[in-house]
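Keep in mind the model is a prediction, meaning the values are calculated, not measured. Just so you know, these numbers use all the heavy atoms, side chains as well, and skip hydrogens, waters and symmetry mates. Every chain is numbered from 1 and lettered A, B, ... according to where its sequence line falls, protein lines coming before strand lines.
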There are 2 protein chains.
Amino acid sequence: MTEQQRRPTLVDVAQAAGVSRALVSIVMRGAPGAAEATRQKVLQAARELGYRPDSRARLLRSSRTRLLGLSFSSSQPFHAEIVDAAYAEAQGRGYEIALSAIASGRPETRAIESLLDFGSEALVMVSPALSNEELARYASQVPVVSLLRDDVGDSVDSVSSDDRAGIRLAVGHLIGLGHRHIVHVDGGTAVSAEKRSAAFRAEMQRHGLDAVVVTGGPNEEDGLRAARCLLDTSLVREVPTAVVAFNDRSALGVIEGFRAEGLRVPADVSVLGYDDSQLARLSYVQLSSVSQDAPLLAAAAVNRAADRVEGAEAPAHVVRTPHLVVRKTTAPPRGS
Amino acid sequence: MTEQQRRPTLVDVAQAAGVSRALVSIVMRGAPGAAEATRQKVLQAARELGYRPDSRARLLRSSRTRLLGLSFSSSQPFHAEIVDAAYAEAQGRGYEIALSAIASGRPETRAIESLLDFGSEALVMVSPALSNEELARYASQVPVVSLLRDDVGDSVDSVSSDDRAGIRLAVGHLIGLGHRHIVHVDGGTAVSAEKRSAAFRAEMQRHGLDAVVVTGGPNEEDGLRAARCLLDTSLVREVPTAVVAFNDRSALGVIEGFRAEGLRVPADVSVLGYDDSQLARLSYVQLSSVSQDAPLLAAAAVNRAADRVEGAEAPAHVVRTPHLVVRKTTAPPRGS
DNA sequence: GGGAGAATCTAGATCGTTCTAGTTCACCCA
DNA sequence: TGGGTGAACTAGAACGATCTAGATTCTCCC
């Protein structure tokens with residue numbers, strides 16, 4: 001059945017059009033140096049044969065591969081939005097994106113080496129968990145841009161959101177509403193969890209308030225567990241009136257944990273998420289959240305990578321200020 | 001700073017070890033034909049230089065690329081689980097996976113051609129939306145395996161779940177609990193939506209019941225909208241006692257829509273999802289759902305692709321029977 | 001008409017591998 | 001002794017493109 005016919009090559013097109021390989025190459029790349037008439041003739045022949053250039057050969061030979069490697073975590077739905085934005089931006093600048101997922105049984109190093117083996121000219125890593133030494137080693141081979149993590153040393157570019165400012169917005173918003181008992185459900189061992197909890201402590205202190213931080217994690221179950229712990233009067237003196245969660249998924253868990261015990265959000269307790277992911281935007285969730293504007297950050301990272309490839313000087317650390325999106329899970333505390 | 005030193009090649013390793021390129025190639029591939037002593041010597045030299053074979057050159061030259069292309073939709077969190085499983089299975093069979101996401105501004109054809117350009121020996125497409133003619137055209141170049149969609153013609157392999165059986169399980173379960181007024185919230189224009197709604201109609205008819213189908217879609221908002229419509233007494237004669245949703249995300253929307261109007265799930269109305277995704281498993285959701293066992297299907301698809309590459313005969317259609325996972329959103333109807 | 005200069009086109013080397021078809025050499029056995 | 005065998009190794013072509021440098025043709029102007 002499925003006749004596995006050989007895919008046409010430059011040579012085939014050249015023969016069909018009656019010109020040299022080199023000229024076909026010129027036409028296919030859209031490079032200058034071909035007369036309009038022949039250009040049309042060649043394109044016509046290519047179209048008829050169904051010719052498509054072979055990336056492997058093209059990447060192998062050309063010094064410029066115009067390929068950006070992107071490593072991400074397949075288990076983080078949030079990363080999908082980033083992938084989307086990165087594709088769009090790369091296309092605009094004339095780059096291809098090579099994807100490599102970090103999955104169970106496929107550690108980050110594997111994902112990255114695969115990208116390098118394919119000839120990526122630069123790497124964009126979403127929330128890399130590698131040590132700074134490892135990052136630096138990769139950075140000695142190609143430009144590396146860390147996305148959503150900024151403490152990556154001097155050899156690596158980073159594009160991230162200002163976590164301190166984000167937490168400041170969150171805390172400021174809640175205090176502005178009149179809250180005093182605010183708890184932070186942290187991200188556990190997740191990347192940038194420590195940064196956010198430190199910022200939370202600093203910010204609460206600045207307002208002269210007690211900073212209570214309980215252990216959470218990056219997903220719903222973690223938030224749920226933390227909420228249970230907050231309601232356990234044997235553990236906590238007083239149930240807080242507001243919670244700042246590590247991210248949206250965790251915030252959802254917190255909300256469900258409260259709901260299960262009959263507390264209403266935001267009437268009894270306010271909950272604030274982080275990321276402003278699609279989850280937060282669902283009409284029945286309407287989660288107030290700190291937006292890092294991930295698509296924008298992704299675009300910036302891709303641009304930064306392209307700049308470096310095209311000869312930009314030293315690595316830079318781009319930090320964007322997040323903004324607050326107030327929806328319906330935050331309100332003034334009861335009885336105020 | 002970042003000294004962009006040239007990456008070492010076979011030649012460098014050969015020189016360092018004092019042997020020929022070909023022999024280094026043999027050693028690196030683990031092919032027979034090298035003495036143990038030299039093998040060690042070469043490996044040692046490679047390690048010292050930090051040599052890694054260049055995929056582009058390797059893929060270009062070798063007839064076998066051992067590369068499987070996987071196209072998926074970045075906006076479907078459900079696909080992430082599939083990617084994960086595919087990686088694992090491919091690794092076991094000694095294949096690499098090349099990922100290509102379908103995103104906004106990046107249509108399926110683009111994603112696929114990119115995979116072909118990189119030299120994929122076969123394609124695995126998750127829920128392809130292409131026409132059968134287009135699929136056949138790709139199938140004339142390399143083996144194509146459609147995952148989660150089975151009406152793809154004779155030139156394409158498929159690995160899918162039996163939608164009829166799944167719906168039969170769903171309806172059977174609800175009827176078994178005593179439900180009579182069961183509604184299906186369909187998938188709108190999503191792949192395999194029609195198949196499931198047809199199966200629903202057939203199954204209800206078989207039990208001598210009225211089959212009501214309302215328009216839904218593949219995500220939460222669609223489910224929510226459908227639920228509102230079901231509660232609107234000007235549109236529906238009677239509120240159903242049970243709903244079979246197109247998938248888990250839509251089911252969640254349905255549940256929220258009911259909850260918003262004060263209906264309790266499952267006390268007042270039962271809701272059944274489809275996919276048994278991570279969402280369904282969340283401890284505060286506990287959604288009863290039809291499991292297609294996507295990781296298993298993904299593994300099967302990868303295996304099928306590898307089989308075809310390695311010379312398996314004609315395309316085959318593998319259909320697995322789904323199973324029901326009963327959790328806490330289905331119960332007997334009120335007053336039974 | 002002829003020569004400068006631009007426009008167009010081509011030959012051949014090259015990227016880093018794998019593959020084919022050897023060569024070399026030690027060893028065994030008649 | 002000498003030929004056969006097999007293991008270990010290698011030279012050189014090939015994969016399908018791009019790149020460099022040079023060849024050819026065209027244009028234009030004095």
Per atom distances to the A35(B) side chain, the nearest of dC9(D), dA13(D), dC15(C) is dC9(D)
Nearest-angstrom distance from the residue atom OH of Y51(A) to P of dG16(D): 10 Å
Tell me whether R66(B) is salt-bridged to E96(B), with the criterion being a basic N under 4.0 Å from an acidic carboxylate O. no
Can you tell me the distance, in whole Å, between the CZ atom of R21(B) and the P atom of dG12(D)? 10 Å
Heavy atoms only, 4.0 Å cut-off, all strands: where does A22(A) land among base, sugar-phosphate and nothing? base
For a quick check of understanding: with a heavy-atom distance under 4.0 Å over all strands, which category does V19(A) fall into, base, sugar-phosphate or nothing? sugar-phosphate
Ignoring backbone atoms, test whether T9(B) places a side-chain nitrogen or oxygen under 4.0 Å from the OP1 or OP2 oxygen of dG16(C). no
Choose from dT17(C), dC19(D), dC9(D) the nucleotide whose nearest atom is closest to any side-chain atom of D54(B). dT17(C)
Using side-chain contact (heavy atoms from CB on, under 4.5 Å), reason through V144(A) and D157(A) one step at a time and then give a plain yes or no. CA-CA 6 Å; V144(A) 171; D157(A) 279 81; over 6 Å; no
Test your reading of the model: is there a side-chain donor-acceptor pair from R7(B) to the backbone of L116(A), 3.5 Å cut-off? yes
To the nearest Å, give me how far apart CZ (R58(B)) and P (dT17(C)) are. 8 Å
To the nearest angstrom, how far is M28(A) atom CE from dC19(D) atom C1'? 18 Å
Under 4.0 angstrom between R29(A) side-chain N/O and dA17(D) OP1 or OP2: no
Backbone of A57(A) reached by a side-chain donor or acceptor of R61(A) within 3.5 Å: no
Between atom CG in L10(B) and atom P in dT14(C), what is the gap in whole Å? 18 Å
Show the numbers, then the answer: is there a side-chain contact (heavy atoms from CB on, under 4.5 Å) between D12(B) and Y51(B)? CA-CA 9 Å; D12(B) 301 317; Y51(B) 168 78; over 6 Å; no
Nearest to the side chain of S20(B), which nucleotide is it out of dT17(C), dT10(C), dT10(D)? dT10(D)
Looking for any heavy atom pair under 4.0 Å, which part of the strands does T38(B) touch: base, sugar-phosphate only, or nothing? sugar-phosphate
note: R56(B), atom CZ; dT14(C), atom P; distance rounded to Å ~ 18 Å
Short side-chain N/O contact from S25(B) to OP1 or OP2 of dT18(C), under 4.0 Å: yes
Measure the distance from CG on L23(A) to C1' on dT10(C) and round it to the nearest whole Å. 9 Å
How close or far is atom P of dT17(C) from atom CZ of R61(B), stated in whole angstroms? 14 Å
Measuring to OP1 and OP2 of dT18(D), would you say a side-chain N or O of S62(A) lies under 4.0 angstrom away? no
